[in-house]
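Quick notes on the structure that follows.
To find a chain, count down the sequence lines: A is the first, B the second, and so on, and within it residues start at 1. From a predicted model like this one, the values you see are computed outputs, not experimental measurements. Side chains included, hydrogens not; waters and symmetry mates left out as well; all remaining heavy atoms used.
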There are 4 protein chains.
Amino acid sequence: MNKPSKRQPGRPKTSDTSQNVKEQILALSSRLFMEHGYEKVSLDAIADACGVTKASVYYYFHNKAELFTASIVMLMGNVRHQTKLILDRPGSLPERLREVVRAYLQVRHSDFESMLREVRPHVTDEQMAAMRQAEGGIHELMAETFRDAMSKGEIGEANPLFLSHAFSALLMIGGRELETSPFSSREEAADAIVAFFCSGTHARDLME
Amino acid sequence: MNKPSKRQPGRPKTSDTSQNVKEQILALSSRLFMEHGYEKVSLDAIADACGVTKASVYYYFHNKAELFTASIVMLMGNVRHQTKLILDRPGSLPERLREVVRAYLQVRHSDFESMLREVRPHVTDEQMAAMRQAEGGIHELMAETFRDAMSKGEIGEANPLFLSHAFSALLMIGGRELETSPFSSREEAADAIVAFFCSGTHARDLME
Amino acid sequence: MNKPSKRQPGRPKTSDTSQNVKEQILALSSRLFMEHGYEKVSLDAIADACGVTKASVYYYFHNKAELFTASIVMLMGNVRHQTKLILDRPGSLPERLREVVRAYLQVRHSDFESMLREVRPHVTDEQMAAMRQAEGGIHELMAETFRDAMSKGEIGEANPLFLSHAFSALLMIGGRELETSPFSSREEAADAIVAFFCSGTHARDLME
Amino acid sequence: MNKPSKRQPGRPKTSDTSQNVKEQILALSSRLFMEHGYEKVSLDAIADACGVTKASVYYYFHNKAELFTASIVMLMGNVRHQTKLILDRPGSLPERLREVVRAYLQVRHSDFESMLREVRPHVTDEQMAAMRQAEGGIHELMAETFRDAMSKGEIGEANPLFLSHAFSALLMIGGRELETSPFSSREEAADAIVAFFCSGTHARDLME
DNA sequence: TATGAATGAGACTTCATTCAT
DNA sequence: GATGAATGAAGTCTCATTCAT
C-alpha cells in the first residue's frame, strides 16, 4: 500500500502556461454553459476544453455552481459592454437595434431564463442574486435606451423594462435552427425582428 | 397522493386507472418533462409518479427518448386542440389572443426550443421530425389565424409564420418569476403582451 | 452519441443468486465496518467482497450511511443474542463473564464509540438514535445481569449501567495487538480481564 | 484567532509566533489528529489552522504519515510529562489517580488504539515503532507507579503493565457523550472510574 | 523559507438500460 | 402485462503529493 505506482501525482515537470488559466477557464466554460446549459456541460468537458485536469478547475473554483455563477456574471458583463458600445453609436433606434440583433445572432445561446431555473437547486441565494443582478444590468441598459427614445418621441410611451424583456424574447427567434425558423438567413431574421419590435402587427383596433 | 379519495359521485372520468396505463404514463411524464426538462426527469421519478415500476415504463416505451417524443407529441396535440377552441370563439383578434395568453400562463413550462436542443443528442432523426411537426401544427394554426386577420384587414401584411413565432416568444415573458418580471400579476402580463404584440413600440420612423 | 458501445449495461444473462444478496451485503459490510471503521471501507470494497457491483449495493441501500446503520443494528442484534445465550447458562458470574470475553476476543473490532463519532456527520438523527438503541440493548442486557448478581449478593452494590460500560471498555484491552498487549495469549487476557473486573486493584484504603 | 489581543503584560510566552513554525504545526496538528483521527484531518485543514499553505507543511514534513508520527510522539511526550507531574505529588494512590482522570477528561480524544490501526497502512515500520514506544512511555510511567504502590502494600499484586492498560481503557468511559454515558457530570465520572479501578465489582467468590 | 499551481487516484452517487420470471 | 434485481458509464468532488519560483 506504500509502493509508488507507475506515476506519481503532482505538478508536471514543465508546461507553457499560456498566461492566465483562470480567465481561460471562465471564457471557455461560459461559452459551453450558454450553448448547452448547466447540467449538460460536465467538468470533464470543461477541463478537456481548457487543456487542464478536472482537479485544476477545482483549484480555481470550489464547485460547479461557483464556476457557473462566475461564468455567467463575467459573460453578462461582456455582453452589457458590447451592447453599450453598439447603442452609443449615432443613428436611429431601429438602426442601432438591428446592429444589436446581428451581434447576438452570432453566438449560439440557450434561453437564459430556462438556465436560471435549471441551476436554481444548485446555487446559493447569493449566487442567484449575483446572476440576476448581472442580467438586470443588461435590461437596465436597454431600458435606459428606450427611455431616451421615448423622451425624444422616437417611440411611444410604455414600460421600458417590459420593452427590454420583449426585445430579448424576440431575439431568441433568430437563434433557432433554420429548419424550424421562418427565415432563410440571419440578416433577414434581424430585419424582421426589429421591424416587428417597432410596429408589432399593425393591428387596427387597439383593445381598450 | 395515490390513495383513492372518498369516491366521487357520478360516472368515473375515464374508466378507473387500471385500463390505460400507457396513457397515464404519457400524461404524467409530459407534465414532468415540460416543467423540468429532459435530463432532470429520471425514469425513476416518472415511474414513481405513475405508481408503477421503472421496468413497466420500459414495457410500454423502448427508451427514454421514445417516451419523451411520445409525450411531447401528445402534449402538443392537446395544446393545439385547446388553442383552437379558444381561437374559434367570436371576438376581435386581440381579445382572443388575450385568452390564449391567459391559458398559457397557467401552466409552468420551460422554453420549448431549449428542450429540443437538449434532447437532440438522444433522439433519432425521425423522433426529432415528429416533435417538430407536432410543434409546427400549433404554429400552423396560429399562422392560419393571422392570415385570416390579414385578409380581413385586422392586422397589417406580414409573414404569418413569423408572427406565430414572435407570439410564442413573447409568451415566455409572462412565465417568468415575479421577482424578475416587470409585471405584478398574470393579468397585467397578459394585457401588456398582447398590446405589445399588436402595436410594438409605436416607432415613428419605420425603417425602409 | 447514440452508437451502442462494446457492452450494454443491464442485468447479466445468468447468475446463481446464492440466496439472499441483501443479507449477504449486510453480513460482509458489518464485518468490514467493525474491523476498519466507516471511512476506510469503500463501497467498492464492499461490492467486491460481495461479488456484486457498487450499483447493486445502492439498489438495496440508498447510501453509505444507511448501509452502515443497517449493518450496525443487525450486528448489535446478533451480539446481543449471542451474549444472552452465554449469560443464560448456569455458573457463577465470573465464569460466565469469562465466556463472554472469550467470544468477543475472537472477532476483531474497533472501538465502537470512536466509530459512532466518526459517522456522526454522515448519518441522520434517526439513524444515530437507531444505532444508540441497538448498542443500548446490549448494555441493558449486561446491566440486567449485574442487577441480578447484586440481588444475590454475588457482587457489591454499584450502578449496573456503569459496570456494563466498564466491562466493555476492558474488553478492548484484549483485542490489542500482541505486540503492545501485556498478554501472551487470548486465554490469559480473558482471565486477567475478568479477574480485574471482579476485584480491581485490591486497593487497601478506599477513598471517601 | 490569529489577531494579537490587547497584549498581555509580562514576558511573551514563547517568542512570538514567527520563530518556530514547525513547532506550531506540530502543536495544532496533534490536537486535530487526536480529536478527529488520521483520515478525517486533511492537510488543507492543518495548513489552514496554522495560517500557512499546504506546501509549507510539506516543507517541514515529507508526507502526512511523517507529520502524524511526529505529532503523536510529541503529544505523548507531553502527556507523559504532565502525568508524571501529577503522580509525583504527595497523596494516596486513589487521590492521585483521580487527578489524572480529571486532567484527561478535559481533552477530547479518540481511542488511541483505533487510531494506530487506522494509520497502519500509511506508516513505515519505523514510524509505527516510534509511536508505540511513545505510547509505551506512558504505560511504563503508570506501571512504575503501580509497582511502587504494590511494594508499599497499597494495592494487591498484579501485572503492573496490565493495570496501566486497564486504567487507560476505563478512562475512555468518561469521554463519552452525556447522552450515552451513565454519568451526569465529569466529576462524578472521575470518582466512579477510580472507585471501580480500585475495587472492581467487589465480587464475593474469586475464581481460582 | 515559503508558496501558487497542478495533478492522478479514488470516493460517493445517479441513471438509463437489460434480463429472467 | 408487470416487475425485481442487476449493471456499466458517467458525474461531482476530495485529497495527498509534486514542481518551479
Side-chain angles (χ1 to χ4, degrees), chain A residues 4-15 17 20-22 39-47 51-65 67 122, chain B residues 18 21-22 39-47 52-65 67 122, chain C residues 4-15 17 20-22 39-47 51-65 67 122, chain D residues 18 21-22 39-47 52-65 67 122:
Chain A
S5 43
K6 47 230 123 168
R7 172 81 171 83
Q8 292 284 111
R11 195 190 216 208
K13 287 277 165 71
T14 55
S15 115
T17 18
N20 203 329
V21 180
K22 187 171 181 176
E39 308 248 30
K40 283 282 294 246
V41 177
S42 76
L43 280 180
D44 271 306
I46 293 175
V52 297
T53 341
K54 224 181 342 182
S56 294
V57 180
Y58 275 96
Y59 175 75
Y60 291 103
F61 303 93
H62 290 54
N63 48 42
K64 192 180 180 181
L67 170 59
H122 303 290
Chain B
S18 64
V21 180
K22 187 169 181 176
E39 308 249 28
K40 285 280 290 256
V41 177
S42 73
L43 281 179
D44 271 304
I46 293 174
V52 297
T53 28
K54 222 180 353 181
S56 295
V57 178
Y58 272 92
Y59 177 76
Y60 290 105
F61 304 93
H62 290 58
N63 49 40
K64 192 181 182 182
L67 169 59
H122 304 290
Chain C
S5 43
K6 48 230 122 169
R7 173 82 170 82
Q8 292 286 111
R11 195 189 214 205
K13 287 277 165 70
T14 54
S15 119
T17 18
N20 204 330
V21 180
K22 188 171 180 175
E39 308 247 28
K40 283 281 294 247
V41 177
S42 75
L43 279 179
D44 270 307
I46 293 174
V52 297
T53 340
K54 224 180 343 182
S56 295
V57 179
Y58 274 94
Y59 175 74
Y60 291 104
F61 304 93
H62 291 53
N63 49 41
K64 193 181 181 181
L67 170 59
H122 302 290
Chain D
S18 66
V21 180
K22 187 170 180 175
E39 308 249 29
K40 284 279 292 251
V41 178
S42 74
L43 281 180
D44 272 304
I46 293 174
V52 298
T53 23
K54 222 179 353 179
S56 295
V57 178
Y58 272 92
Y59 177 76
Y60 291 106
F61 303 93
H62 290 55
N63 50 40
K64 192 181 181 182
L67 170 59
H122 303 291

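Computed from coordinates, the C:Phe61 CZ to F:dA6 P distance equals 12 Å when rounded to whole Å. One atom, NZ of A:Lys22, and another, P of E:dA6, lie 12 Å apart when rounded to the nearest Å. Note: CD1 (C:Ile46) to C1' (E:dA11) measures 12 Å, nearest angstrom. D:Asp44 places its CG atom 14 Å from the P atom of E:dA5, with the value rounded to the nearest Å. The distance between atom NZ of C:Lys40 and atom P of F:dT14, rounded to the nearest whole Å, is 21 Å.
For the residue pair B:Ala47 and B:Thr53, the shortest heavy atom distance occurs at CB-C, 3.6 Å. Closest heavy-atom contact between B:Leu43 and B:Tyr58: CD1-OH, 3.1 Å.
In terms of position along DNA chain F, the nucleotide closest to C:Gly51 lies nearer the 5' end than the nucleotide closest to the other residue of the pair A:Lys64 and C:Gly51. Looking at which nucleotide of DNA chain E each of B:Glu39 and C:Leu43 is closest to, the 5′-most match is held by C:Leu43.
B:Lys64 contributes a side-chain N or O that, together with a main-chain N or O of B:Val41, makes up a donor-acceptor pair within less than 3.5 Å.
For B:Lys22 and B:Phe61, the positive end sits near the middle of the six-membered ring, less than 6.0 Å away and at most 45° from its axis.
For residues 52-59 of chain B, proximity to DNA chain E is found at B:Lys54, B:Tyr58, defined as any non-hydrogen atom under 4.0 angstrom from a strand atom.
Counting only Watson-Crick and G-U wobble pairs whose two distances sit under 3.5 Å, DNA chain E takes part in these stems of three or more pairs: E:2-21 with F:2-21.
Distances were taken from every side-chain heavy atom of C:Tyr60 (C-beta onward) to each of F:dG11, F:dA6, E:dT17; the shortest belongs to F:dA6.
One finds the NZ atom of A:Lys40 at 5.0 Å from the CD atom of B:Glu39 (value rounded to the nearest 0.5 Å). The line from NZ of D:Lys54 to OG of D:Ser42 is 7.5 Å long, rounded to the nearest 0.5 Å.
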